[in-house]
A.B. asks: 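First, the structure itself, so that you have it in front of you.
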There are 2 protein chains.
Amino acid sequence: MAVTIRDIARLSGTSIAAVSRVLNGQAGVRPLKRESILRVARDLGYIPNRGARNLAMQRTHIIGVIASDLSNPNYIDFIQHVENLGRKRDYQILIAASNMKHEREVANVATMLEHRADGLLIFPVGEFGLALNADHFMALWLNRTPFVIHGAVQRGAFDAVCMDEEELGYVIGKHLTDFGHKRLAVAGSPFNSETARQRYAGFQRAATEAGARIVCDDLAFEAGEHDLTGVHGDFWRARFQEPGRPTALFTFSDTYALCFYNFLRNLGFAIPDDISIASVGNEPFSAFLSPPLTTADPRIGERARLGMKMLLERIETPGAPPVVQDLQYEFIPRESTGPCQHGS
Amino acid sequence: MAVTIRDIARLSGTSIAAVSRVLNGQAGVRPLKRESILRVARDLGYIPNRGARNLAMQRTHIIGVIASDLSNPNYIDFIQHVENLGRKRDYQILIAASNMKHEREVANVATMLEHRADGLLIFPVGEFGLALNADHFMALWLNRTPFVIHGAVQRGAFDAVCMDEEELGYVIGKHLTDFGHKRLAVAGSPFNSETARQRYAGFQRAATEAGARIVCDDLAFEAGEHDLTGVHGDFWRARFQEPGRPTALFTFSDTYALCFYNFLRNLGFAIPDDISIASVGNEPFSAFLSPPLTTADPRIGERARLGMKMLLERIETPGAPPVVQDLQYEFIPRESTGPCQHGS
DNA sequence: GTGAAAGCGCTAACAA
DNA sequence: TTGTTAGCGCTTTCAC
């Protein structure tokens, strides 16, 4: 078995209490003893047992992160930030992935509870406005477990940091209509339909304000259909070859945008002269595309920071009412968007 | 405080031993009692305390993953796979990132030990053939902590899964020389210099075999210099504008490749007609570039599977000698490479 | 089949 | 300043 404080106590001829004090840097031990204890500990290669410590202290210094979908690179970023922030406060992070399954999410919440995580950071699988139930979050709340949700679940009921998707849609829309585009298109995935709905609404708002129109949209991409072969390709080919085709396109991810780069080029369109493309994601590659992609940065680092801050506050002040923080995307205009050169 | 088995025992008029048995699905409790215990547990909303359980059982069911650099999307993939594999065996995964710092790695190993992780999966910061020291791994080994290293540290001394970098270099080199290229170039980063060295060696071998030459290389990229502005840009501009310029380029990451796409196009080169580009990484975007990028897949899923398998075996058989498994990249030829159209 | 009791390694109150 | 002791929540012998 591993060496324990009891061993140290025995070998340095003192009590486990003294050892515990020294190891935790507490005062009340004569320097001589302290020295000796420290030395014995080192010689023995003592490694404290956090589990035992946690049990005794009723505090784990563990923060659980439940990600809906680890395959999304943004989460990695997030985790990396949380990891860094956590370390400063001596928190360890425990990760669980829900793989976009509601039941996995419920199970993950349970697991974190079993580990007695001091707090949870959750990317919910669905931002289900009303449909799917959020009982597991409700239970957490009643349970007084500190947690903050990243996304819009039962807005106002729990601590949450939300991206302002409506505003994003509006900003992109305005950027495009300011360039004179009148016929717009939207391509997105149905994930987090609430997110999609809000983006669309903001985009619509900008269009309306400018007397422009969303002439076509396709919000039904599934993963793996990114390449625009199959029905989605057929759909878009038709849209771009008929009269009154869109002159500007808003894609809901940089990878989509990239697919459209290829797709539209093969159709003989130049970007941005024939078609402007704006996106969301700001993935590392998007600055290097030709032309560099106009997109919006999700500010993952900021989200992580904010989420951690809220969580730590909640841990310290369990009683307070729920807090909701809104965050804006950072719009990054580049060269894939430009003045409208076609159409009315 | 949370409800404990003691509470359950009291309310169902029995002993904690019986409760423990029932909760762990062990036999030896009369069905009636079992029912009653289960019901009380549910009614009370009992949540087992893993920490306490671990302490008593001297086993945590935690697998620690120490990643050198979480910002690399490949690790995310890896973590995702490990997470999935672990769940099946009821393992939880604990993550720590070393941010490419040797001292962080050492600290992370210590932390995992403090958590008494049952096993560790480690991506070392440096695959330091000899330079940096691997004392912390040696300590783990002596400590009999099960761990497997992903990469080539002290090959043969510890359990490890290694990618065959030499072979990768050779395959890429052969692919290029088979197309008739005689003047080759290499662009890579110095990270994991051992990796770079091996890739280069394999590439060199293929070149020599085919009577081709590596006419220039630049292995000194740092993060953030991907965009080929500054000195690296100057270097490469010169190389491509002088006589005897390379006709094929091997980049050590897809992102590099993408940068060269831009860079070389701006210099007036067509891909692959004027210059072939092959890479490693197979990132999601690389299939969608135009032309689609010839690259090699790091087979992260396979690595995760193999690593987990080895780790679980080590956990079960602590005494066995170290095992080293080699894994090949999967070469994926696409359209960024083609027949040599210039030069001898 | 059942339960009392002894830990697991640590912290913290209390007494000395 | 020190050491003794009673837990933290759970598992697991061992006697009944």
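Order of the sequence lines fixes the chain letters, A, B, ..., with proteins taken first and strands second; residue numbering starts at 1 for each chain. All values below come from the heavy atoms of this structure, side chains included, with hydrogens, waters and symmetry mates left out.
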A.B. asks: Reckon B/Arg6 touches a base, only the sugar-phosphate, or nothing at all at heavy-atom distances under 4.0 Å?
C.D. replies: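 No contact.
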A.B. asks: Could you check whether A/Ile16 gets within reach of a base, just the sugar-phosphate, or nothing at all, counting any heavy atom under 4.0 Å?
C.D. replies: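 Base, at least one base atom sits under 4.0 Å.
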A.B. asks: Check step by step if salt bridge (charged side-chain N to carboxylate O under 4.0 Å, His left out) holds for B/Glu105 and B/Lys101.
C.D. replies: CA-CA 6 Å; B/Glu105 180 172 287; B/Lys101 304 241 178 60; over 6 Å; no
A.B. asks: Could you tell me whether B/Arg50 contacts a base, only the sugar-phosphate backbone, or nothing, with contacts defined as non-hydrogen atoms closer than 4.0 Å?
C.D. replies: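 Nothing: the residue B/Arg50, judged by heavy atoms under 4.0 Å, touches no strand.
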A.B. asks: Does OP1 or OP2 of C/dT11 have a side-chain N or O of A/Arg53 closer than 4.0 Å?
C.D. replies: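 True: A/Arg53 side-chain N/O within range (under 4.0 Å) of C/dT11 OP1/OP2.
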A.B. asks: If you go through the side-chain atoms of A/Arg21, does one of them form a donor-acceptor pair with the base of D/dG3 closer than 3.5 Å?
C.D. replies: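 Answer is yes: a donor-acceptor pair is held.
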A.B. asks: Tell me what B/Thr4 touches on the nucleic acid: a base, only sugar-phosphate, or nothing, going by heavy atoms under 4.0 Å.
C.D. replies: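 Contact class for B/Thr4: sugar-phosphate only.
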A.B. asks: Mind checking A/Asn54 for me? I need base, sugar-phosphate or nothing, with any heavy atom below 4.0 Å counting as a touch.
C.D. replies: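 The answer is nothing, as A/Asn54 stays clear of every strand by at least 4.0 Å.
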A.B. asks: Can a side chain N or O of A/Ser15 be found less than 4.0 Å away from OP1 or OP2 on D/dT2?
C.D. replies: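 No.
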A.B. asks: Nearest to the side chain of B/Met57, heavy atoms from C-beta on, is which of D/dT12, D/dT1, C/dC10?
C.D. replies: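 Within the option list, the nearest is D/dT12.
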A.B. asks: To the nearest Å, how far apart are A/Leu55 CG and D/dG9 C1'?
C.D. replies: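 To the nearest whole Å, that distance equals 6 Å.
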A.B. asks: Measure CG/B/Asn24 against P/D/dT12 and give the value in whole Å, please.
C.D. replies: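 In whole Å, D/dT12 P and B/Asn24 CG are 7 Å from each other.
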A.B. asks: From the options D/dG9, C/dC10, C/dG1, select the nucleotide whose nearest atom is closest to the side chain of A/Asn49.
C.D. replies: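 Out of D/dG9, C/dC10, C/dG1, the nucleotide with an atom closest to A/Asn49's side chain is C/dC10.
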A.B. asks: Within this structure, what is the CG-to-P distance between A/Leu23 and C/dG9, rounded to whole angstrom?
C.D. replies: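 After rounding, the reported distance stands at 15 Å.
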A.B. asks: Among D/dG3, C/dC10, D/dG9, which nucleotide sits nearest the side chain of A/Gln58?
C.D. replies: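 Between D/dG3, C/dC10, D/dG9, the one nearest the side chain of A/Gln58 would be D/dG9.
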A.B. asks: Rounded to the Å, how far apart are A/Ile8 CD1 and D/dG3 P?
C.D. replies: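 Answer to the nearest Å: 14 Å.
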A.B. asks: Rounding to a whole Å, what distance do you find between B/Ile37:CD1 and C/dG1:P?
C.D. replies: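 Result: 14 Å.
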A.B. asks: Evaluate salt bridge (charged side-chain N to carboxylate O under 4.0 Å, His left out) for B/Arg155 paired with B/Asp326, printing each intermediate quantity in order.
C.D. replies: CA-CA 11 Å; B/Arg155 188 181 172 96; B/Asp326 285 287; 2.7 Å; yes
A.B. asks: Once rounded to the nearest 0.5 Å, what's the spacing between atom CD1 of B/Ile79 and atom CG of B/Asn84?
C.D. replies: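 It is 12.0 Å, given to the nearest 0.5 Å.
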A.B. asks: Starting from P on D/dC10, measure out to CD1 on B/Ile47 and report it in whole angstrom.
C.D. replies: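 Spelled out: CD1 on B/Ile47 to P on D/dC10 is 11 Å.
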A.B. asks: Among the nucleotides D/dT12, D/dC10, D/dG3, which one has an atom lying closest to any side-chain atom of A/Ala18?
C.D. replies: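 So the side chain of A/Ala18 is nearest to D/dG3.
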A.B. asks: Is the phosphate of C/dG3, meaning OP1 or OP2, less than 4.0 Å from a side-chain N or O of B/Thr14?
C.D. replies: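 So the side-chain polar atoms of B/Thr14 do come within 4.0 Å of the phosphate oxygens OP1 or OP2 of C/dG3, strictly under.
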A.B. asks: Roughly how many Å is it from CD1 in B/Ile5 to P in C/dG7, rounded to a whole number?
C.D. replies: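 After rounding, the reported distance stands at 18 Å.
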A.B. asks: Salt bridge or not for A/Glu83 and B/Arg104, using N-O below 4.0 Å?
C.D. replies: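 Yes, charged N to carboxylate O under 4.0 Å.
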A.B. asks: Start at the 5' end of DNA chain C and walk down; is the nucleotide closest to B/Arg116 or to B/Lys33 reached first?
C.D. replies: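 Going by which nucleotide is closer to the 5' end, it is B/Lys33.
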A.B. asks: State, yes or no, whether a side-chain contact exists between A/Met308 and A/Ile63 at a heavy-atom distance under 4.5 Å.
C.D. replies: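 Heavy-atom side-chain distance check passes, below 4.5 Å.
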A.B. asks: A/Gln26 has an atom CD; how far is it from atom P of C/dC10, in whole Å?
C.D. replies: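 Interatomic distance, CD of A/Gln26 to P of C/dC10: 14 Å.
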A.B. asks: Could you please spell out the steps behind the side-chain hydrogen bond (donor to acceptor under 3.5 Å, both in side chains) verdict for A/Thr60 and A/Asp118?
C.D. replies: CA-CA 6 Å; A/Thr60 60; A/Asp118 285 345; 3.2 Å; yes
